[in-house]
Student: 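Just dropping this structure here.
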Amino acid sequence: MKLLTTFTRLTAAAILLGGLSACGDDVGKVSLGLFTTKDVIIDARQDPKIAGVTCHISRVEANLSLADPSDMSISCRQTGPITAKDIANIDRSKNGEIVFKQSLSILFKTLKVRRIYDADNQTLLYLSYSTKETEGSHKHALSTVPLYGTDAWVESGVPIEKAEGL
């Protein structure tokens, strides 16, 4: 009886989490086959501090399954203007900052995307990773958005603060 109650709670949690993940900015959904409940979901997420950057994240959604949803891919591109003021307003430490996070499963896995600024190369790095170890490894993927050609690009040796008079 206790096992049945636990299974019922896990099933309800899976349905709830599956429903919540569908509330995002889904731009694509590809079935992995006729006899599976697994799909590849593609979400579009705009950087909350740099409106000119959009990241597309693909991940496996396995409704009613205890399958490992840690595999993901990320691709971020410039989709609008990026200014020096945008760059001045982000965390430029080596750790960067989390810009997105989403629960992946009833097993307490979370997908996080962290933005890190590479000042030497004037490039934004977007690192996606899962918070739980899978088969001895934390799954992760990386995408970059170079600032060259944007209003945020500064000539070598000129700090961002001085480039825009911030």
Student: Find the distance between CG (Asp47) and CD1 (Ile90) and round it off to the nearest 0.5 Å.
Tutor: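 One gets 7.5 Å once the value is rounded to the nearest 0.5 Å.
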Student: Using 0.5 Å steps for rounding, measure from the CG atom of Asp43 to the NZ atom of Lys29.
Tutor: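 Separation between the atoms: 11.0 Å.
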Student: Can you list everything that forms a salt bridge (Lys or Arg N to Asp or Glu O under 4.0 Å) with Lys49? Sequence neighbours excluded, please.
Tutor: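 Listed in chain order: Glu97.
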Student: Can you name the nearest heavy-atom pair linking Ser128 to Ile74, along with the distance?
Tutor: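 Closest heavy-atom pair between Ser128 and Ile74: OG-CG2, 3.6 Å.
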Student: According to side chain to side chain contact (heavy atoms under 4.5 Å, CB included), who are the partners of Ala119, at least two apart in sequence or on a separate chain?
Tutor: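 Ala119: side chain to side chain contact (heavy atoms under 4.5 Å, CB included) contacts with Tyr117.
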Student: Apply side-chain hydrogen bond (donor to acceptor under 3.5 Å, both in side chains) to Ser75 and list each qualifying residue two or more places apart in sequence or on a separate chain.
Tutor: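 Ser75 satisfies side-chain hydrogen bond (donor to acceptor under 3.5 Å, both in side chains) with Arg77 only.
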Student: Locate the shortest heavy-atom distance separating Val27 from Ala44; write the atom from each residue and the value.
Tutor: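 What the structure gives for the nearest pair is CG1-CB, 3.8 Å.
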Student: Restricting to side chain to side chain contact (heavy atoms under 4.5 Å, CB included), what partner residues turn up for Asn95, sequence neighbours left out?
Tutor: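 Partners of Asn95 by the side chain to side chain contact (heavy atoms under 4.5 Å, CB included) criterion, ordered by chain and then number, come out as Ser93, Arg114.
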Student: If you take all heavy atoms of Ala141 and Ser73, which pair is closest and at what distance?
Tutor: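 Nearest heavy atoms, Ala141 then Ser73: CB-CA, 4.3 Å.
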Student: Can you list everything that forms a side-chain hydrogen bond (donor to acceptor under 3.5 Å, both in side chains) with Thr54? Sequence neighbours excluded, please.
Tutor: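 By the side-chain hydrogen bond (donor to acceptor under 3.5 Å, both in side chains) rule, Thr54 matches Thr79.
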Student: Could you check if a side-chain atom of Pro48 sits within less than 4.5 angstrom of a side-chain atom of Phe100, using non-hydrogen atoms only?
Tutor: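 Contact flag for Pro48/Phe100 side chains = yes.
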Student: Output all residues satisfying side chain to side chain contact (heavy atoms under 4.5 Å, CB included) with Leu142, sequence neighbours left out; order by chain, then residue number.
Tutor: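 In terms of side chain to side chain contact (heavy atoms under 4.5 Å, CB included), with neighbours along the sequence ignored, Leu142 is linked to Leu125, Leu127.
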Student: When rounded to the nearest 0.5 angstrom, what is the spacing between CG in Leu124 and CG in Leu147?
Tutor: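 Between atom CG of Leu124 and atom CG of Leu147 there are 5.0 Å.
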Student: From the options Arg115, Gln46, Lys112, Arg45, select the one residue that forms a side chain to side chain contact (heavy atoms under 4.5 Å, CB included) with Val99.
Tutor: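 Answer after filtering Arg115, Gln46, Lys112, Arg45: Arg115.
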Student: Which residues pass the side chain to side chain contact (heavy atoms under 4.5 Å, CB included) test with Pro81, not counting sequence neighbours?
Tutor: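 Result, side chain to side chain contact (heavy atoms under 4.5 Å, CB included) vs Pro81: none returned.
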Student: Would you say Gln102's side chain and Leu111's backbone share a donor-acceptor pair under 3.5 angstrom?
Tutor: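 Not at all, since once roles are kept as given, no pair shorter than 3.5 Å links the two residues.
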Student: Which residues pass the side-chain hydrogen bond (donor to acceptor under 3.5 Å, both in side chains) test with Asn89, not counting sequence neighbours?
Tutor: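 Asn89 satisfies side-chain hydrogen bond (donor to acceptor under 3.5 Å, both in side chains) with no other residue.
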Student: For Tyr126 versus Val145, what's the shortest heavy-atom pair and its separation?
Tutor: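 That would be CE1-CG2, 4.0 Å.
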Student: Quick check on the hydrophobic clustering: are Ile98 and Ile116 connected, directly or via other members, by side-chain heavy-atom contacts under 4.5 Å?
Tutor: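 As far as the 4.5 Å side-chain criterion goes, Ile116 and Ile98 are connected within one cluster.
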Student: Write down the atom of Val40, the atom of Ser58, and the distance for their closest heavy-atom approach.
Tutor: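 That closest heavy-atom pairing would be CG1-CB, 4.2 Å.
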Student: Working to the nearest 0.5 Å, report the span between OG1 of Thr150 and CD1 of Ile87.
Tutor: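 Result: 7.0 Å between the selected atoms.
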Student: With clusters defined by side-chain heavy atoms of hydrophobic residues (ILVMFWY) lying less than 4.5 Å apart, directly or transitively, does Ile42 cluster with Met72?
Tutor: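 Looking at the clustering, Ile42 is in a separate group from Met72.
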Student: Holding to side-chain hydrogen bond (donor to acceptor under 3.5 Å, both in side chains), I want the full list of residues that pass it with Asp86, two or more places apart in sequence or in another chain.
Tutor: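 side-chain hydrogen bond (donor to acceptor under 3.5 Å, both in side chains) check on Asp86 returns Thr83.
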